[in-house]
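Here the structure is laid out as structure tokens; the discussion comes afterwards.
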Amino acid sequence: MTDYLSRLNPEQREAVQAVDGPLLVLAGAGTGKTRVLTARFAHILLTNRAFPGQVLAVTFTNKAAREMRERVGAILGRPAEGLWLGTFHAICARMLRRHADLVGLTSSFNILDADDQLRLLKQVMEAARLDTKRWAPPALMAAIQRWKDRGLTPARVTPADDTDFANGRARELYAAYQDRLRTLNTADFGDLLLHMTEILRTRSDVLEQYHRSFRYILVDEYQDTNQVQYLWLRLLAQARRNICCVGDDDQSIYSWRGAEVENILRFEQDFPGARIVRLESNYRSTAPILATAAGLIAHNEGRLGKTLRPGLNDSTGEKVAVVALWDSDEEARMVGDRMETLARSGHTLAEMAVLVRAGFQTRAFEERLITLGLPYRVVGGLRFYERAEIRDAIAYMRILHQPADDLAFERIVNLPRRGIGEQALRGMHDIARAQAIPLAAAAAVMVEVGGLRGKAREAIATLLAGFVRWRESLPLRGHVETVAAMLDESGYTEMWRQDKSAEAPGRLENLKELVRALADFDTLAGFLDHVSLVMENEENVAADRVSLMTLHAAKGLEFDTVFLPGWEEGVFPNQRSMDESGLKGLEEERRLAYVGITRARRRAIISHAANRRIYANWQASIPSRFLDELPDEQVARSGSAALQRDRMIAAPGVFPGQFPMAARRPKVTEIWESPARAARADAIEVGSRVFHQKFGYGTVTGSDDDRLDVAFDTSGSKRVLDRFVERA
DNA sequence: AGTGGGACGCTTTTT
DNA sequence: GCGTCCCACT
């Protein structure tokens with residue numbers, strides 16, 4: 001038997017060799033999912049069933065794609081090239097470049113990041129004379145994204161899908177936003193899939209072309225696919241039906257982004273005759289860790305059902321620790337101390353991680369680690385390309401590449417300062433709209449007709465002449481040199497050199513790094529795609545550092561020691577998740593907990609604090625219900641018994657939000673009876689008398705959603721969040 | 001045109 | 001506690 005097959009267990013081998021026809025691989029955490037996927041990919045190639053370009057392999061993250069590429073290459077013994085392997089978004093972008101004209105774009109369209117999307121939408125809303133104070137652009141953005149997740153173009157949105165946002169104008173605004181994107185020759189993230197799916201749905205010739213070329217389809221993390229991704233896959237797979245989806249319904253944690261576990265639960269119906277292979281031997285974690293995770297996830301309903309078995313020989317291993325602490329400071333201290341102890345006994349820092357529910361929680365641990373002098377890294381913080389200087393530089397490149405990109409132009413027209421203020425910009429917009437030309441062209445008109453004077457006029461003329469020159473230079477001197485010249489000649493790098501702030505040198509360094517990275521690409525277009533779709537924090541991964549990250553970011557990773565702090569009601573499970581999605585939300589939180597525990601190879605330390613500092617003030621909290629769901633015999637509970645969950649639940653007079661112990665300790669500055677919860681429990685109706693911390697007493701005159709209009713006795717009429725008032 | 005102060009609103013997860 | 005937005009001042 002060939003090498004790559006002999007290293008697999010029987011189930012894994014089955015999943016690799018069942019090449020033809022639909023196959024669903026249910027792969028529990030740590031059961032060798034990636035190994036199966038890559039072996040299957042290599043198997044298809046090595047048995048000459050397809051050429052590299054005839055296999056489509058989609059992943060969810062760039063990291064997974066990279067890893068798959070490397071491992072396929074390793075099996076093949078040569079770099080894997082010419083593959084259709086990447087994230088849904090990257091692959092769709094690549095396809096869409098070929099067919100851009102079918103959706104009214106040109107193949108050089110730019111991809112907008114979240115920031116640009118929001119700015120554009122806000123402009124659209126303002127143009128529609130909507131009060132963006134009353135109707136928050138992010139809320140509409142979310143609605144639009146959900147539509148896109150479901151494969152709904154504006155034309156496909158039915159009244160039933162509509163929201164009551166802006167008095168039913170959401171659809172109209174969505175259409176206007178899409179028009180704007182098209183005019184600017186840009187696509188947002190969701191468009192990549194939406195447009196491509198729309199093309200495959202409506203153009204049978206294009207669909208057939210892909211049916212011919214893709215003989216086999218591999219899909220990673222199938223449980224995370226949303227509806228449009230599902231549609232896209234089904235369209236591509238429907239002719240040959242050689243589709244293999246790998247996933248784990250217990251690790252579905254992206255429903256808030258439109259992912260539908262139903263996709264995986266429904267696989268057999270979608271592809272009749274599908275084979276299902278379960279991978280249940282876990283090679284990652286100790287028996288107690290697996291049993292703890294299993295005990296927890298068993299509380300979820302509607303699972304496909306898998307039982308993780310310890311696949312490692314030694315089934316010993318320490319129990320999962322559950323530590324009760326007084327407050328979040330003490331919790332950070334506990335984590336830091338244990339890390340130090342482990343480090344002293346020879347454990348590397350890189351094998352330790354702190355996994356938190358929400359990004360802001362990392363801060364407390366960062367501070368502690370700084371005090372202790374333990375090096376750490378925050379995974380998934382600000383991405384490289386999200387930094388201001390990188391986005392600026394990219395905006396320059398985007399205009400160079402794609403002159404109609406008004407958003408990019410707007411971003412840099414006054415960077416460095418060129419004396420362009422609100423008025424000048426408004427003038428440009430007017431001309432652009434009147435003559436239906438891009439903003440940059442409008443600026444040129446303005447220079448000509450004398451709409452700008454003095455220094456501003458000169459500066460803009462220079463900038464525009466620069467773009468002409470740089471565009472000419474592109475084919476002659478190449479993109480690396482041209483971009484470097486552009487950043488210098490435009491005065492952009494000079495701007496940072498003049499900047500005396502502490503960050504400026506770092507920013508210049510980042511810019512250099514950006515130009516360096518440019519050299520890895522043949523074209524500017526290729527680089528821009530990479531930057532918006534792929535580029536991540538490229539920190540020295542080699543360094544021995546503790547990792548801090550969210551549970552979401554931890555999916556797919558593993559560490560010897562995993563700290564899971566903040567297991568408190570409201571934090572984890574997250575209150576908002578439960579408010580918005582009820583039981584479904586809670587189950588997703590539980591899956592998140594499951595993901596967290598199963599990241600640990602040898603040690604998992606779960607903790608919770610009775611008092612947590614959230615923003616400025618202290619809040620009492622009760623331990624997470626998940627702690628009750630962990631099997632007792634696998635868990636070692638420690639910390640003050642009085643702080644543990646069973647005691648607190650049993651204590652008389654306890655109701656959510658009130659903590660019996662808190663008052664006895666002086667550290668707590670605010671023992672509360674949250675007005676928030678009081679208000680949420682029963683809606684406040686119009687006409688009620690209410691009290692607001694800042695505005696005093698008043699009468700409710702109206703309400704919608706979580707807002708109240710209140711006529712305050714002394715401070716006038718205001719619109720306030722309902723959780724900031726209580727009944728008077 | 002650009003800067004700085006103050007009020008306000010909001011705090012999940014991200015390709 | 002932070003970022004954003006608005007406004008008033010230079």
Side-chain angles (χ1 to χ4, degrees), chain A residues 58-65 86-93 111-114 117-119 122 132-133 136-139 142 145 148-149 188-193 220-221 224-226 228-229 252-259 355-364 379-383 385-386 414 416-425 452-456 459 532-536 549-555 566 570-581 585 588-589 591-592 595-596 613-617 619 676 693-695 706-707 715 718-721 723-724:
Chain A
V58 252
T59 64
F60 207 64
T61 65
N62 294 304
K63 199 167 54 192
T87 62
F88 279 99
H89 291 90
I91 288 188
C92 281
I111 299 167
L112 297 189
D113 62 29
Q117 289 173 35
L118 204 56
R119 276 201 297 146
K122 201 174 164 203
T132 52
K133 283 276 180 308
Q145 275 166 359
K148 292 188 175 182
D149 287 342
D188 71 12
F189 264 79
D191 281 344
L192 299 173
L193 272 137
D220 191 17
E221 308 277 23
D224 285 334
T225 51
N226 60 31
V228 70
Q229 290 162 337
S252 161
I253 55 175
Y254 282 105
S255 74
W256 49 273
R257 221 169 70 185
L355 311 183
V356 294
R357 175 65 244 268
F360 71 86
Q361 290 174 266
T362 59
R363 203 192 209 100
V379 178
L382 246 206
R383 268 164 254 262
Y385 70 85
E386 281 170 351
N414 205 30
R417 299 259 121 93
R418 295 189 178 92
I420 302 301
E422 207 184 317
Q423 288 219 313
L425 203 56
L452 288 165
R453 32 189 131 256
K455 270 165 71 179
S532 43
L533 292 167
V534 180
M535 200 128 164
E536 305 165 72
M549 68 189 93
T550 64
L551 287 158
H552 284 88
K555 193 162 89 159
V571 176
F572 193 37
N574 177 279
Q575 191 61 46
R576 198 150 146 184
S577 174
M578 292 188 293
D579 288 349
E580 280 166 15
S581 317
E588 181 149 318
E589 294 289 303
R591 291 194 291 269
L592 207 43
V595 167
R613 192 195 194 117
I614 295 183
Y615 310 109
N617 42 8
Q619 269 186 221
Q693 289 285 350
K694 204 168 277 169
F695 306 131
D706 59 345
R707 314 288 164 123
S715 21
K718 299 234 183 326
R719 176 163 267 260
V720 295
L721 278 168
R723 61 172 190 273
F724 288 123

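Residue numbers start from 1 in every chain, and the chains themselves are labelled A, B, ... in the order their sequence lines are given, proteins ahead of strands.
Judged purely by atom type and a 3.5 angstrom limit, A:Glu588 uses its side chain to pair as donor or acceptor with the backbone of A:Ser255. Remark: the backbone N or O of A:Gly419 is paired with a side-chain donor or acceptor of A:Asn414 at under 3.5 angstrom. A side-chain donor-acceptor contact under 3.5 Å links A:His552 to the backbone of A:Ile253.
Within the 4.0 Å cut-off from OP1 or OP2 of B:dT15, not a single side-chain nitrogen or oxygen of A:Lys555 is found. Remark: A:Arg257 is not in phosphate contact with B:dT12, judged by side-chain N or O atoms under 4.0 Å from OP1 or OP2. In terms of phosphate contacts, A:Asn226 brings no side-chain nitrogen or oxygen within less than 4.0 Å of OP1 or OP2 of B:dT15. Between A:Thr550 and B:dT14, a side-chain N or O to OP1/OP2 separation shorter than 4.0 Å is present.
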Please enumerate all protein N or O atoms sitting under 3.5 Å from an N or O of nucleotides 7-10 of chain C, with distances to 0.1 Å.
none

Could you go over nucleotides 3-5 of chain B and give all protein N or O partners under 3.5 Å, atom names and distances?
{"unit_1": "B:dT3", "atom_1": "OP2", "unit_2": "A:Arg417", "atom_2": "NH1", "d": "2.9"}

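Taking the C1' atom of each, C:dT4 and B:dT13 are spaced 22 Å apart, rounded to whole Å.
Residue A:Trp256 places a side-chain atom within donor-acceptor reach of the base of B:dT13, judged by atom type and a 3.5 Å distance cut-off alone. The base of B:dT11 does not come close enough to the side chain of A:Arg576 for any donor and acceptor atom to sit less than 3.5 Å apart.
B:dT12 atom P lies 11 Å from atom CD of A:Gln361, rounded to whole Å.
Among the protein residues, A:Arg418 comes within range of no part of the nucleic acid, since none of its heavy atoms lies under 4.0 Å from any strand.
Nearest nucleotide to the side chain of A:Asn414, out of B:dG2, B:dT15, B:dT14: B:dG2.
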